[in-house]
Amino acid sequence: MAAPLTLDDHPARLTAAAFADHLRRDRLRSAHTVRAYTATAHRLIAFLGRHRGEAVDIALLQAIGPGDLRAYLAHRRAEGLTNASAARELSAVRTFLGFAKGEGAPIPRVQAPRVKRGVPRPVAPADARALAEDAADAHDVPWLAARDLAVLLLLYGAGLRVGEAMGLDAGLLPLGEVITVTGKGNKARVVPLLPIVRDAIAAYADLCPYPLHKGAALFRGAKGGPLDAAIVRRAVRAARRRLGLPERTTPHALRHSFATHLLGRGADLRQLQELLGHASLSSTQIYTAVDTAHLMDVYRAAHPRA
């Protein structure tokens with residue numbers, strides 16, 4: 001009897017390369033997401049070959065159950081994955097299996113790892129990126145996926161309040177290196193944009209089916225009206241649950257994280273005050289306490305007598 005065909009031996013069927021093409025062409029995922037999800041698909045295939053002791057074909061992928069996924073997660077955790085990274089890996093596995101099994105087929109349910117709750121802390125940069133990408137991956141409509149990715153990267157990369165992001169005018173397009181944001185008290189401030197944020201917003205604008213002209217909202221809801229902040233909060237809430245992130249991971253927490261990480265990298269309070277649009281320096285000084293709390297965490301973890 002012939003050995004079962006592997007995925008790479010049968011290009012007419014499902015392959016990890018076909019999965020990458022699907023993410024890129026049909027779901028319009030970022031290059032980063034395509035690379036990460038394809039790497040997960042290859043890891044899963046290699047693990048299943050060892051775990052099951054047989055060549056991995058499409059039938060095997062379609063038949064794997066919760067026990068297989070738990071074994072895979074345990075294997076990856078043993079390699080040093082954090083809770084949030086393991087939850088992100090599980091999200092990629094589910095997407096791959098959904099592609100393998102076909103639309104509407106049930107996916108084995110395995111609870112994502114949970115992050116232990118603690119005192120408020122900034123969202124780690126990797127977790128902020130994972131949150132934005134997971135929220136985008138939850139959409140089947142490409143322009144909505146691009147929109148949520150752009151909004152969340154903007155909140156973290158530029159420190160905007162969610163209401164400020166919702167109030168941006170489409171007349172800002174095409175974007176330059178900075179944008180002018182109107183904050184509390186109708187006070188305007190200039191905020192720099194990282195290339196990754198500009199690219200995400202430009203990708204969304206290219207896909208948006210509604211006209212983006214001066215005087216209209218930059219970010220739109222599914223029916224074309226201005227995007228409601230409640231929809232952004234709902235998307236973040238669902239993504240943090242899938243990733244096992246703590247409840248403190250909110251859209252506003254991304255702004256806090258922006259401030260804390262800048263302070264930790266040498267920004268002074270006056271600069272931070274301008275970037276955040278705080279009327280008073282005392283509002284900005286809370287981030288020195290947050291940064292000190294993080295420093296104490298590092299000290300306690302590292303010092304032998306702490």
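Hydrogens, waters and symmetry mates play no part in the numbers below; they use all other heavy atoms, side chains included.
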Q. Can you tell if the side chain of Tyr37 reaches within under 4.5 Å of the side chain of Arg88, non-hydrogen atoms only?
A. yes
**Q.** Salt bridge present between Arg241 and Glu247 (N-O < 4.0 angstrom)
**A.** no
(Q) As a quick check of understanding, evaluate side-chain contact (heavy atoms from CB on, under 4.5 Å) for Thr250 and Val162, giving each step before the final call. (A) CA-CA 10 Å; Thr250 64; Val162 66; over 6 Å; no
Q.
Taking the side chain as everything from C-beta on, heavy atoms only, tell me whether Asp127 gets closer than 4.5 Å to Thr249.
A. no
Q) Listed by chain and number, what are the side-chain contact (heavy atoms from CB on, under 4.5 Å) partners of Thr40, not counting sequence neighbours? A) Arg43, Tyr72, Glu89, Ala92, Val93
Q: Could you label the plane-to-plane angle of the Phe19 and Phe99 rings as parallel, tilted or perpendicular, counting under 30° as parallel and over 60° as perpendicular?
A: tilted
Q. Which pair of non-hydrogen atoms, one from Pro66 and one from Pro108, has the smallest distance, and what is that distance?
A. N-CB, 3.7 Å
(Q) Could you tell me if the side chain of Arg147 sits less than 4.5 Å from the side chain of Leu144, heavy atoms only? (A) yes
Q | Chi angles and distances behind the side-chain contact (heavy atoms from CB on, under 4.5 Å) call for Leu173, Leu175 | A | CA-CA 5 Å; Leu173 299 172; Leu175 297 172; 4.0 Å; yes
Q: Check Gly176 against Leu193 and note the closest heavy-atom contact, atom names and distance.
A: O-CD1, 4.1 Å
Can you give me every donor-acceptor pair (side chain of residues 218-233, partner residue at least two apart or in another chain, under 3.5 Å) with its distance?
unit_1, atom_1, unit_2, atom_2, d
Arg220, NE, Ala217, O, 2.7
Arg220, NH1, Gly224, O, 3.1
Arg220, NH2, Pro211, O, 2.6
Asp228, OD1, Ala230, N, 2.9

Q: Start with the C-alpha distance between Leu194 and Leu153, add both sets of side-chain angles, then the distance that settles side-chain contact (heavy atoms from CB on, under 4.5 Å), and finish with yes or no.
A: CA-CA 10 Å; Leu194 295 170; Leu153 288 181; over 6 Å; no
Q) Around atom CD of Glu79, are there more than 12 heavy atoms of other residues, nucleotides or ligands at under 6.0 Å? A) yes
Q. If you look at every heavy atom in Leu73 and Ala86, which pair is closest and at what distance?
A. CD2-O, 3.8 Å
Q. Does Asp148 use its side chain to pair, donor to acceptor, with the backbone of Ala136 at less than 3.5 Å?
A. no
Q) Which atom pair, heavy atoms only, marks the closest approach of Arg240 to Leu131? A) N-CD1, 3.8 Å
(Q) Ignoring hydrogens, what is the shortest heavy-atom contact between Gly157 and Val197? Give both atom names and the distance. (A) CA-CG2, 4.2 Å
Q. So do the side chains of Tyr204 and Leu149 get within less than 4.5 Å of each other, counting heavy atoms only?
A. no
Q. Under a 4.5 Å cut-off applied to non-hydrogen side-chain atoms, are Leu254 and Leu154 in contact?
A. no
Q: Specify the closest pair of heavy atoms between Ala150 and Ala200, including all atoms of both residues, with the distance to one decimal.
A: CB-O, 3.6 Å
Q) Do Leu152 and Glu133 have side chains that get closer than 4.5 Å, going by heavy atoms? A) no
Q: Side-chain contact test, heavy atoms from C-beta onward, threshold under 4.5 Å: evaluate it for Arg129 versus Ile196 and give yes or no.
A: yes
Q) Would you call Lys214 and Asp169 a side-chain contact if the rule is heavy atoms closer than 4.5 Å? A) yes
